[in-house]
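What follows is a set of notes on a single structure, which appears directly below.
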Amino acid sequence: MYDIEKYYQAKDIDDAVRALSADPDAVVISGGSDVLIKIREGKLAGCSLVSIHGIRELEGISMEEDGTIVIGPATTFSHITNNKIIQEYIPILGDAVDMVGGPQLRNIGTVGGNVCNGVTSADSASSLCCLDAILVLTGPAGVREVPISEWYTGPGRTVRAHDELLTSIKIKKENYEGYGGHYIKYGKRGAMEIATLGCAVTVKLSEDKKHIEDLRLGYGVAAPTPIRCRETEQSVIGMETGDALAEKVGKGALSEVSPRSSWRASKEFRLQLVEELGKRAVKQAVINAGGEWDA
């Protein structure tokens with residue numbers, strides 16, 4: 001049984017914003033894969049729900065004239081993975097969300113919910129960080145754009161105000177063109193498992209495909225929020241691809257993360273994962289960018 005006080009189906013974005021503004025206790029629901037679990041566990045018992053399910057302008061993936069990829073927050077994980085724009089230009093994101101839960105969850109869970117729940121274990125988070133995603137919020141005061149680097153404010157918390165709705169996720173051409181990427185998730189099981197640690201790497205190689213022109217390194221569950229290891233990123237610019245690069249990435253990341261111990265894994269084990277997954281992800285990212293890997 002689900003203890004729900006009220007349920008309102010919004011007709012469009014403006015209607016959803018009005019409903020949220022009118023009810024300070026209302027919770028947005030789309031796919032429901034997170035919200036319904038919280039209600040069943042009693043964390044949101046007696047809440048009011050504002051549904052954005054079925055609002056067409058919040059669904060789908062498109063590309064603007066300048067090459068910016070626009071992802072509707074109500075787009076399900078399975079639609080992202082199978083979308084031709086995603087597959088051609090930012091396959092790292094499609095691969096990442098394809099690791100969320102099982103097929104049933106991926107068919108109902110949405111990328112917007114994954115971002116708005118604010119958890120550091122979200123499989124989309126570290127990849128979106130490496131892609132420098134921009135999150136577009138619509139509220140009573142209008143529209144504002146928030147870089148993902150400013151989105152997370154703490155465990156399970158974001159800058160989204162109660163009466164604001166995430167209305168699109170934008171990725172600019174400059175943040176994906178020429179890059180190859182890879183996302184690795186470690187869990188105790190091979191499938192249907194929350195990440196014990198997640199690591200995403202995107203790289204842009206030099207013209208000869210042998211040196212790093214740009215590298216972005218993101219982690220989930222390595223800190224209270226998803227993070228980028230920016231000092232490590234800068235330290236490897238110009239380096240030749242190969243094992244020395246992997247060592248630099250893995251060791252460098254250790255100085256920038258701050259994982260905690262939990263029932264899933266100890267801090268010490270997560271630190272081992274930070275180093276090892278960083279090494280593995282950068283190697284595959286280089287290969288995906290068209291480079292070769294020499295020991």
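Nothing fancy with the numbering, it's 1 onward along the sequence.
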Out of curiosity, does [Y] fall in the hydrophobic cluster containing [X] (side-chain heavy atoms, cut-off under 4.5 Å, transitive links)?
| X | Y | result |
| --- | --- | --- |
| Leu245 | Tyr219 | yes |
| Leu58 | Trp151 | no |
| Val249 | Ile227 | yes |
| Leu273 | Leu254 | yes |

Between [X] and [Y], a side-chain donor and acceptor under 3.5 Å:
| X | Y | value |
| --- | --- | --- |
| Gln9 | Ser51 | yes |
| Glu256 | Thr232 | yes |
| Ser48 | Asp25 | no |

- prompt: With Arg270, which of Ser258, Ser261, Ser262 fulfils side-chain hydrogen bond (donor to acceptor under 3.5 Å, both in side chains)?
  reply: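 Per the side-chain hydrogen bond (donor to acceptor under 3.5 Å, both in side chains) rule, the option paired with Arg270 is Ser262, out of Ser258, Ser261, Ser262.
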Side-chain heavy-atom pair [X], [Y] within 4.5 angstrom cut-off:
| X | Y | value |
| --- | --- | --- |
| His211 | Glu240 | yes |
| Val70 | Lys170 | yes |
| Leu215 | Met239 | no |
| Ile92 | Tyr176 | no |
| Ile169 | Val136 | no |

Ignoring hydrogens, what is the shortest heavy-atom contact between [X] and [Y]? Give both atom names and the distance.
| X | Y | answer |
| --- | --- | --- |
| Ile148 | Cys129 | CG2-CA, 3.8 Å |
| Ile86 | Gly94 | CG2-N, 3.7 Å |
| Ala195 | Val221 | O-CG2, 3.6 Å |
| Gly118 | Thr158 | CA-CG2, 3.8 Å |
| Thr76 | Asn107 | CG2-O, 3.4 Å |
| Ile134 | Lys172 | CD1-CE, 3.6 Å |

Worked verdict on Glu276 versus Tyr186 for side-chain contact (heavy atoms from CB on, under 4.5 Å): CA-CA 11 Å; Glu276 184 60 29; Tyr186 178 88; over 6 Å; no
query: Within a radius of less than 6.0 Å around NZ of Lys279, do more than 12 heavy atoms belonging to other residues, nucleotides or ligands occur?
result: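 Above 12, so yes.
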- prompt: Does CZ belonging to Arg144 count more than 12 external heavy atoms closer than 6.0 Å?
  reply: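 Counting neighbours around CZ of Arg144, more than 12 heavy atoms of other residues, nucleotides or ligands fall under 6.0 Å, so yes.
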Sole candidate of Ser124, Pro73, Ser121 that passes side-chain contact (heavy atoms from CB on, under 4.5 Å) when paired with Asn114: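 For Asn114, the side-chain contact (heavy atoms from CB on, under 4.5 Å) check succeeds only for Ser124.
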query: Atom CD1 in Ile85, atom CG in Leu93: separation rounded to 0.5 Å?
result: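 Reported value, rounded in 0.5 Å steps: 12.5 Å.
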Does [X] reach the main-chain N or O of [Y] with its side chain, forming a donor-acceptor pair under 3.5 Å?
| X | Y | value |
| --- | --- | --- |
| His162 | Leu20 | yes |
| Glu164 | Ala161 | yes |
| Lys185 | Asp123 | no |
| Asn288 | Gly181 | yes |

- request: Begin from the C-alpha positions of Cys229 and Val257 and carry the test side-chain contact (heavy atoms from CB on, under 4.5 Å) through to its verdict.
  value: CA-CA 8 Å; Cys229 296; Val257 299; 4.2 Å; yes
message: Tell me whether Lys173 is salt-bridged to Glu177, with the criterion being a basic N under 4.0 Å from an acidic carboxylate O.
response: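 Looking at Lys173 and Glu177, the cut-off is met.
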Lys84 bridged to Glu88 by N-O distance under 4.0 Å: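 Result for this pair is no, no salt bridge flagged.
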task: For Asp15 and Tyr8, run side-chain contact (heavy atoms from CB on, under 4.5 Å): C-alpha distance rounded to whole Å, both residues' side-chain angles, the deciding distance at 0.1 Å, then the answer.
output: CA-CA 10 Å; Asp15 191 32; Tyr8 180 74; 2.7 Å; yes
- request: Begin from the C-alpha positions of Arg216 and Arg228 and carry the test side-chain contact (heavy atoms from CB on, under 4.5 Å) through to its verdict.
  value: CA-CA 7 Å; Arg216 299 172 182 185; Arg228 285 265 301 273; 3.5 Å; yes
